[in-house]
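Here is the structure we will look at.
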There are 2 protein chains.
Amino acid sequence: MTKKDKSEKSERILDVAEELFALHGFDGVTIRQISNRAKVDVALANYHFGKKLDLFHAVFDRRAELLSSSRRELLQASSGKKQTLEQIIEAFLLPLKMAQQTGDPGWKNYLALLANVMISPLWSKAMMGKVYDIRVEEFITALKGAFPKAKEEDIHWCYHYVSGALALTLAQTGRIDKLSGGKCLSSDFDAAYERMIPFIAAGFREVCG
Amino acid sequence: MTKKDKSEKSERILDVAEELFALHGFDGVTIRQISNRAKVDVALANYHFGKKLDLFHAVFDRRAELLSSSRRELLQASSGKKQTLEQIIEAFLLPLKMAQQTGDPGWKNYLALLANVMISPLWSKAMMGKVYDIRVEEFITALKGAFPKAKEEDIHWCYHYVSGALALTLAQTGRIDKLSGGKCLSSDFDAAYERMIPFIAAGFREVCG
DNA sequence: CACTATATTCAACAAGTGTTGAATATGCAA
DNA sequence: TTGCATATTCAACACTTGTTGAATATAGTG
């Protein structure tokens with residue numbers, strides 16, 4: 001707004017790259033596929049974003065800060081008195097549900113990309129540290145407050161399970177659709193989150209309580 | 001043994017391909033990288049396994065049947081009388097823990113590859129249906145037996161969370177190592193499974209009980 | 001208008017891609 | 001040994017990859 005209005009084409013590149021990276025991963029997508037679908041010359045991606053890897057980072061970072069700060073606000077909002085376990089979990093999950101509920105397909109793609117990064121050893125090390133790890137540390141600190149007597153390892157492992165369940169949800173593989181014979185839908189984030197919170201809460205209380 | 005002894009080199013190709021596919025995914029690996037590390041000519045992979053995609057299938061299928069049948073046996077072993085929830089969950093998880101505990105790095109790589117496939121919409125659809133889905137259906141049937149009054153959707157969503165937690169564990173991203181400051185290790189499957197069973201069981205009882 | 005910085009396209013490069021057919025090596029039966 | 005099937009290598013193909021430098025268009029400013 002004030003400084004620079006990103007050109008229309010450069011944002012189209014980001015959108016298309018987001019979608020294709022989410023679906024096929026970094027190596028499964030060529031710059032020509034991106035520029036073709038964005039109706040743009042091959043060289044333009046390079047002009048705006050540099051190397052292919054830089055473009056990937058640009059895509060990943062674009063929405064990372066929004067998600068991360070939304071998590072921080074929710075976590076701090078309830079941090080006055082002692083937080084309930086459910087409040088803590090919701091602060092972690094709700095921003096993702098809200099992002100999904102915007103209906104913006106860009107968010108859907110980004111969340112799938114995030115899931116992809118989370119589960120890859122290489123990409124996880126390269127990308128998650130920048131913005132997301134700080135939030136996770138706050139999240140874990142809050143959990144320690146809710147379970148003062150729990151062992152740290154127990155809390156970390158439980159968070160690990162949460163992270164996995166979340167990743168598979170964000171990935172929207174469509175597998176649950178098939179396995180349930182259509183009774184459940186990958187795209188139904190409401191259904192996924194509704195049950196995830198009590199599921200996780202009970203697990204935490206069992207292992208850490 | 002009886003029919004054909006696969007050549008030493010062809011198995012080396014499979015081993016190397018398994019490792020590289022697990023780490024970088026299908027598109028992140030070239031046949032030349034595989035053949036170089038296997039100290040074999042580029043054309044040999046094609047001679048033994050056909051196209052690159054066929055090689056990927058060969059890698060994925062090689063250990064799939066073992067894992068799947070191991071699950072079936074464990075699930076049937078306890079199916080005489082009414083199975084406890086913990087028994088059902090263990091039948092699903094134990095084969096993976098045992099595979100990991102062989103110490104064979106090939107198994108470690110395969111499980112990471114499996115995690116990768118599980119979380120990718122495209123690969124999941126293409127690969128999981130062949131061997132794994134049948135086992136999941138039996139698993140869910142057993143769960144229905146343990147929770148006769150539960151709604152089907154609840155059971156499917158809870159299984160979905162299990163599947164996600166499992167996938168992230170198999171992936172061994174090393175993220176928990178970093179976040180816990182070394183208190184937890186991705187490679188420590190014992191620690192992961194030990195807590196996973198009570199965590200999951202409590203979640204199921206809360207949502208489906 | 002002219003000037004300038006930014007945006008976009010064009011054309012091409014060197015390197016790498018999967019795949020293939022012919023040539024050679026290897027092991028095994030008669 | 002001779003044959004023969006399998007295994008492996010060699011050399012090359014047509015094509016795609018990311019990236020770049022020069023050329024051209026576009027928009028904003030004086």
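So you know, we letter chains A, B, ... as the sequences are listed, proteins then strands, and number each from 1.
For C:dG16, its base never sits under 3.5 Å from the side chain of B:R32 at any donor and acceptor pair.
Between the CD atom of B:E8 and the P atom of C:dT26 there is a distance of 14 Å, rounded to whole Å. Taking atom CG of A:L44 as the reference point, atom P of C:dT6 lies 15 Å away to the nearest angstrom. Atom CZ in A:F49 sits roughly 16 Å away from atom P in C:dT6 (whole-Å rounding). When rounded to the nearest whole Å, the span between CD of A:E11 and C1' of C:dA7 equals 15 Å. In this structure, CD1 of B:I13 is placed 14 Å from P of C:dG18, rounded to the nearest angstrom. Following rounding to the nearest Å, B:K39 (NZ) and D:dA7 (P) show an atom-to-atom distance of 22 Å. Rounded to an integer number of Å, the gap from CG of A:N36 to C1' of D:dT17 is 13 Å. When rounded to the nearest whole Å, the span between CD of B:Q33 and P of C:dG16 equals 11 Å.
Taking the charged nitrogens against the carboxylate oxygens, B:D104 and B:R63 do have a contact shorter than 4.0 Å, which makes a salt bridge. Of the charged side-chain nitrogens involved, at least one lies within less than 4.0 Å of a carboxylate oxygen, so that A:D15 and A:R62 count as a salt-bridged pair. Classification of B:K183 and B:D177 as a salt-bridged pair fails, no side-chain N sitting under 4.0 Å from a carboxylate O.
Under 3.5 Å, the side chains of B:S78 and B:Q83 contain a donor-acceptor pair of N or O atoms. In the model, B:Q100 has no side-chain atom that pairs as donor or acceptor with a side-chain atom of B:D190 under 3.5 Å.
For the side chain to side chain contact (heavy atoms under 4.5 Å, CB included) with B:F189, the qualifying choice from B:L96, B:L93, B:L170 is B:L170, the only one to do so.
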Mark up nucleotides 20-29 of chain D, 5' to 3', with B wherever a protein heavy atom is under 4.0 angstrom from a base atom, S wherever such an atom reaches only the sugar-phosphate, and - elsewhere.
B---------
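For B:R72, the side-chain contact (heavy atoms from CB on, under 4.5 Å) partners at least two apart in sequence or on another chain are B:S69, B:Q76, B:R135, B:E138.
Contact annotation: the side chain of A:Y159 approaches that of B:L179 to within less than 4.5 Å [non-hydrogen atoms, C-beta and beyond].
For D:dT9, the OP1/OP2 oxygens have a side-chain nitrogen or oxygen of B:K9 closer than 4.0 Å. Residue A:S7 places no side-chain N or O under 4.0 Å from the OP1 or OP2 atom of C:dT6. A close approach under 4.0 Å does not occur between any side-chain nitrogen or oxygen of A:H48 and OP1 or OP2 of C:dT6.
Between A:F56 and A:W123, the ring centre distance stays below 6.0 Å.
Contacts between residues 22-31 of chain A and DNA chain D, defined by a heavy-atom separation below 4.0 Å, involve A:V29, A:T30, A:I31, listed by number.
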